[in-house]
Structures are given as structure tokens and as C-alpha cells.
Amino acid sequence: MKTILIIDSHTGGEPTRLVVAGGPDLGSGPLSERLKRLREHHDDWRAGVVTEPRGSDVIVGALLCEPHDSSCSAGVIFFNNVGYLGMCGHGTIGLVASLAYMGRIEPGRHRIETPVGIVEATLNEDRSVSVRNVAAHRYRRALTVDVPGYGAVTGDVAWGGNWFFLVSEHGCTLEPAHIGELTTFTHAIREALEAQGVTGAGGALIDHIELFAQSPRAGIDSRNFVLCPGNAYDRSPCGTGTSAKLACLAADGKLAQGETWRQESIIGSVFEGRYVLLDDAGASETDDQSHAVRAIDAGSGDTRAIVPIITGRAHIMAEGKLCFEQDDPFASGIPV
Ligand code: PYC
């Protein structure tokens, strides 16, 4: 029987399943290369860990890896029910909380290697975690797509560690009671973007859709609804989605460097976000921001890049061992 050791946490309601032992041998080298090996040779393993019957559509998996860069405390590859994520903000907060729970790290700053660059996570004394994300930028402003069944929808395309289409004018009610229709609507937007050839830099698929509305709560700047690639919605305010939002706010001159933005999720959990301009972030960080810089070189219409800092809190939920009997017909999940 094969076994995999896991720690489950949630960040603002969004679960992260950290695999601490029992992952496939991906060899050495940069995490982008190891991600390629995971995708090409061990995709069944991914599905077994996060999809039913051992997981669900909501769980984000995080494979703990030896970092390639020795200045990093850990390396991580994020995955979900349908594939892989470049970066994951809530997942990084969950990873850091789990490493602290395991006694592997103390409060303070820790560099973490991901397939899209190095991020820096600070475990704060109050157990919240602040993630200094890879550089974010708005790639296209006010693009309109024709969404069958809904009509014209206008939004921005931005990179926050994943590609997002961000929509503020939509006429929807962002309340938990409407999650079904919000999922159907955002799914239709994603299909329309793909069908109409709207992409991120270099033809990248825009696989996250984010709607915004005002929050009814005092002190909260905005509420969001985020559709993730496998059609689950993010229970957290989405770290990479909040990063993409900060990039758009910065590009529009609506949020100054260092100012705090409180982003609430559809279920009411909150991340605090702020940013520094990439140019001001220092030489060591710019080395890590190659993806964003490449994206900008590829011809952005809107080139102001920022380094987002996202703060949230994760809670440990479970520690255990996934078991895979040799004759289990669903060891690689339930095919859909
Ligand atoms: O927090 O960045 C995030 C995230 C991406 C997908 C789900 N959560």
C-alpha cells in the first residue's frame, strides 16, 4: 500500500492540503522543471491526492519540495482538481502555518520557491502570514467580451501569480445565496475569453475570473467572488486575485504605495493587501520577478508592475496519512 503524509489547513475557509512526504520523485532543478515532470509523468498522483474520494473540488494541494535556491526555506508546487497553479496566496499562507505547526520554522521572514518565482512569507507573532508575492501587473485595461446568454462584459486582464479577468460592472449580487448563478456566469465569461482569443501575455490562458462589489461591512474596501480553474469558487479572498486587483488599483491611481486594501471573500473572510512598486522593491527582488518582467516585455498595454504583500491567517485542521491500496479502482480519483 502506498501512503502520503498530509497536513490540512484552511485560509479564510479555503483548504490547502500540504503533502509533506510520499510525493513522486521529481529529481532536482528549478521548480518550473519539476512542475513539468509532475504534470507529464505523475498527473494521476495529483488527482489521487486532491479529488474525490480522498479530496474534493475545493482542495488546493501543495507539494513540499526541496528548494533549488539554497536561500529558500522551502519549495512548493500547487495543484488542484484539474491541474496546476503558478502561485497560490492562500496556499502559501497555509504552507507557512503548517511548517510552523510542524516546528520547521519560527516567526520571521522565509523565502519560498514556487514555479513562477520566489516569494517571501513572514510568519508574524500573531500567527498571521504576510506573503510578498511575485510581481503583479495589469496587462490589458477595459476589454469587452461578448458572453453568450449575458451580453457584453468589460474587465481588466491582470497577472497576480495566475491570470485573472477582473470585472466590476456585472449587475450580480455578491452574496453566498447567489453562488450557483455567480459560478455559472463566471464560467461563461471564462469560456467566452477563450473562444474570443483573449489571453494573458504570450497567449496564456486566463483561468481565474474575479467579480467585485462593495462590501456592506465598515472598514472593508471590496468583496469578491473568484472562480478557480476547476470551477470551484475561492472561499478566501484569493491571494493572487487580490494581487491582480492591487495591480489594477495601482495602474488606475486608486491605491497609493503602502496603503492598505481590505479584500473580503464571498463568505466574509478578509485579506489585507498593500504593494510596493517593482522599481522600488530592490535588486534582489527584481531577480525573482522574471515572469512579470517577461510578460511586460511581451507587449503589455499597461506596464506598471508592483510587488503585492498579502496578509491572512490559516488554521490547521488535520494531520494524517492518505492510503492507496494497490487494487483501489479510485486511487487516482473518480474520473469525470
Ligand atoms: O489564494 O491565490 C490564491 C488562490 C488561487 C486559487 C485558489 N486560491
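All values below come from the heavy atoms of this structure, side chains included, with hydrogens, waters and symmetry mates left out. Atoms within each ligand, like the ligands themselves, are counted from 1 in listed order. Values in this document were obtained by computation on a predicted structure and should not be read as measured data.
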Would you say the side-chain atoms of Ser71 and Arg111 include a donor-acceptor pair closer than 3.5 Å? yes

Kindly assign one of parallel, tilted or perpendicular to the pair Trp163 and His137, based on the angle between their ring planes and the thresholds 30° and 60°. perpendicular

Under 4.5 Å side-chain heavy-atom separation, chaining through any Ile, Leu, Val, Met, Phe, Trp or Tyr, what else clusters with Phe164? Say none if it is isolated. Leu166, Phe212, Val226

One line per pair, note the atom names and distance for all nitrogen or oxygen contacts under 3.5 Å between ligand 1 and the protein.
unit_1   : atom_1 : unit_2 : atom_2 : d
ligand 1 : 1 (O)  : Gly89  : N      : 3.3
ligand 1 : 1 (O)  : His90  : N      : 2.8
ligand 1 : 1 (O)  : Gly239 : N      : 2.7
ligand 1 : 2 (O)  : Gly89  : N      : 2.8
ligand 1 : 2 (O)  : Gly239 : N      : 3.4
ligand 1 : 2 (O)  : Thr240 : N      : 2.9
ligand 1 : 2 (O)  : Thr240 : OG1    : 2.7
ligand 1 : 8 (N)  : His90  : ND1    : 2.9
ligand 1 : 8 (N)  : Asp234 : OD2    : 2.8

Residue set satisfying side-chain hydrogen bond (donor to acceptor under 3.5 Å, both in side chains) with His178, at least two apart, ordered chain then number -> Glu181

Looking at residues at least two apart in the chain, or sitting in another chain, which of them share a side chain to side chain contact (heavy atoms under 4.5 Å, CB included) with Ile220? Ser215, Arg217, Arg262, Glu264, Val270

Using distance alone, with no hydrogens and no angle criterion, decide if Tyr275 and Glu259 have a side-chain donor and acceptor under 3.5 Å apart. no

